[in-house]
Undergrad: 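Would you mind keeping the following structure in view while I ask a few things?
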Amino acid sequence: MTEKKEPLFDDENEKIAFLESVLFVSKDPIEPERLIDYLGCRRIEDFEKLLRSFEKDLMDNNRGLFLKRSGGGLHLSTKPDMHEKLKDFFTIRRSSKLTIPSLETLSIVAYRQPVTLAEISDLRNVNSVGPVKNLLQKKLIKITGRKKVPGLPALYSTTHEFLLYFGLNDLSELPSLEELTEMFEDKEQPSLFD
Amino acid sequence: MTEKKEPLFDDENEKIAFLESVLFVSKDPIEPERLIDYLGCRRIEDFEKLLRSFEKDLMDNNRGLFLKRSGGGLHLSTKPDMHEKLKDFFTIRRSSKLTIPSLETLSIVAYRQPVTLAEISDLRNVNSVGPVKNLLQKKLIKITGRKKVPGLPALYSTTHEFLLYFGLNDLSELPSLEELTEMFEDKEQPSLFD
Amino acid sequence: MSEIHFTPGSDIYKIQAEFYDGPFDLLLHLIRKNKMNIYEINITEITREYLSYLENSKGVNPAREGDFLMTASTLIYIKSRSLLPRPAILEEESPEKKLMETLIEYDKIQKISKLLKEMEGRELMLWKREDVKENFENSEFDLKEVSSFQLAEIFLNLLKREDGKEVLFLDSKNYSIEKKRKEILKILETEGFMNFNKYIENMDTSEEILVSFFTMLEMAKQKFIVAIQKAIFDTISVWKFDSGEIVQ
């Protein structure tokens with residue numbers, strides 16, 4: 001709407017430098033569209049080329065960062081092989097934040113959404129108000145409506161943070177129940193499904 | 001006191017990569033002493049050499065970051081010549097944002113809907129025909145009926161676009177007090193996990 | 001874009017909890033251990049083993065003893081039925097069928113949970129910017145930006161606490177968002193930081209709080225400020241957001 005000065009990038013290098021600094025300061029993943037627009041890439045391919053070039057730079061031995069493409073955008077993180085050293089350096093216990101009840105609840109919400117607390121409790125065979133509250137606080141689930149049954153109970157669904165937390169772009173990246181069964185069937189023994 | 005496995009850095013490059021990832025993840029500046037110790041630098045000069053090498057890498061045209069050495073220690077920031085572009089990039093989206101009178105009006109509609117123009121103007125102590133028009137144009141509010149008083153004034157409510165703008169799926173995402181009480185103030189379930 | 005791979009054999013249930021969280025964890029474990037099929041459980045054997053776990057009351061989540069007992073009674077009931085001449089086809093609502101269905105569903109949930117756990121582990125290896133905060137104190141940091149949802153919760157909660165009313169009342173006073181915005185910015189400029197809860201503590205009308213709340217919400221949306229809280233209903237801290245960097 002408003003007039004927009006097209007910023008001038010002298011060359012590809014400057015675009016990569018900009019990419020690095022933008023991803024460095026942004027707390028959230030940045031949608032590729034915004035970058036394509038701002039960098040003045042004519043075609044998606046030009047942007048993709050830029051990304052690959054940036055990724056290639058990051059692969060160097062003297063680089064500690066990593067370009068992530070998840071949660072519907074681009075963001076930076078440290079390289080996976082820095083994990084142990086970082087834990088060691090900061091003497092941080094960086095382990096799972098989710099308890100088993102929370103993970104089970106999240107599984108149900110992920111595959112059955114939108115779903116009510118009663119339905120979750122029913123599937124888990126235990127009152128699940130604790131894990132639901134915990135997941136709401138962690139912003140991994142949210143209320144997305146109300147079920148049209150007496151009492152109008154809240155319906156829960158997964159959030160964008162859920163995708164980010166598990167490194168997904170999209171819920172469709174989760175395996176289907178059939179795939180899941182196969183995935184476990186091959187390896188796990190004894191098989192539960194014959 | 002505790003025995004600490006000295007991590008092995010294969011070479012200078014790996015040390016620089018580590019430096020980059022440590023500075024990336026830390027919110028606070030890092031004291032050089034800690035790094036010297038962890039990187040296993042025998043002499044200050046070795047560490048200084050490492051830093052200069054890192055700084056040299058960062059000076060490349062395709063880099064957007066900058067090593068700052070200040071009071072508390074070392075930290076990374078964006079290169080100063082990126083600042084204008086960053087400001088530009090992060091503010092472009094703001095151009096289509098709402099004006100303050102519109103926001104005031106919107107807050108009243110959100111919490112008081114359905115509401116008439118007269119009621120809005122009364123609350124804001126100023127004729128609000130402008131912002132109401134603006135919000136109607138932006139489709140954030142709409143006419144949902146007429147108040148049964150002389151003149152049959154239009155009643156305004158929020159729209160689907162309103163929900164989108166505030167990242168809500170449903171007005172019910174601003175939960176009712178009863179629900180909040182139920183969810184968060186209830187006697188804690190005796191669960192070992194959450 | 002991201003591929004999911006699963007390392008088999010990691011039994012998160014046992015490793016993590018050191019005991020069985022619920023009766024169906026235990027049942028599924030016993031079924032697997034005995035290389036049985038969910039559709040054809042040897043009820044006598046399973047009941048015997050299940051009860052011996054309960055008797056030792058070791059490896060069983062003490063908070064859910066009642067659930068374990070309930071399932072035990074179901075098992076005993078099914079076992080007693082099995083001594084009678086059996087109907088050829090499972091009846092619609094037979095306890096056997098219900099147990100089987102519950103186990104099948106629960107088995108799926110366990111599988112998805114394992115998968116999510118695996119994915120979580122993979123993601124935790126990738127550290128994000130400013131993941132490490134507060135001068136390296138060895139603690140869990142769970143700071144997050146406040147969503148409109150959470151802000152609303154806090155806001156409503158405060159209103160409720162203040163006047164015990166269940167409805168929001170807007171008194172017709174003249175609080176403008178413009179003024180509030182200036183006020184908040186001024187505080188942030190002089191103090192560098194603002195405790196939002198403290199800030200609204202002394203306000204006397206709900207409207208003023210409402211306007212402050214919406215002002216903060218919008219300022220956060222426009223990235224003028226960053227609002228952070230550690231947990232729901234905890235203090236909201238507000239910082240200025242400057243050229244993309246948090247200025248503290």
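Note that the structure is predicted; figures quoted are calculated from it, not measured. Residue numbers begin at 1 in each chain, while the letters A, B, ... track the order of the sequences.
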Undergrad: Quick check on A/I30 against chain B: is it the side chain, the backbone, both or neither that has a heavy atom closer than 4.5 Å?
TA: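 For A/I30, the contact with chain B is made by the side chain alone.
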Undergrad: OG/B/S53 to CG/A/N62 distance, rounded to the nearest 0.5 angstrom?
TA: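 It comes to 7.5 Å.
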Undergrad: For B/K49, enumerate each residue passing the side-chain hydrogen bond (donor to acceptor under 3.5 Å, both in side chains) test, keeping only those at least two apart in sequence or located in another chain.
TA: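 Partners of B/K49 under the side-chain hydrogen bond (donor to acceptor under 3.5 Å, both in side chains) test: none.
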Undergrad: Mind checking whether B/F18 and A/F89 have parallel, tilted or perpendicular rings, split at 30° and 60°?
TA: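 Ring orientation of B/F18 relative to A/F89: perpendicular.
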Undergrad: Heavy-atom cut-off 4.5 Å, strictly under: side chain, backbone, both or neither for B/D81 against chain A?
TA: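 Neither part.
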Undergrad: Name the option with the most non-hydrogen atom pairs under 4.5 Å to chain A; the candidates are B/L23, B/D11, B/D10, B/I16.
TA: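 Top count of heavy-atom pairs under 4.5 Å with chain A: B/I16.
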Undergrad: Quick check on A/S157 against chain B: is it the side chain, the backbone, both or neither that has a heavy atom closer than 4.5 Å?
TA: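 No part of A/S157 comes within 4.5 Å of chain B.
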Undergrad: Determine whether B/S21 and A/F66 make a side-chain contact, defined as any pair of heavy atoms from C-beta on separated by less than 4.5 Å.
TA: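 Side-chain contact under 4.5 Å: no.
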Undergrad: Taking the six-membered ring of B/F9 as reference, does the cationic atom of A/K85 (NZ for Lys, CZ for Arg) lie under 6.0 Å from its centre and within 45° of its axis?
TA: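 The answer is yes, since A/K85 meets both limits relative to B/F9.
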Undergrad: Name the member of A/D60, A/L86, A/V126 that forms the most heavy-atom pairs with chain B at distances under 4.5 Å.
TA: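 Most pairs with chain B among the choices: A/L86.
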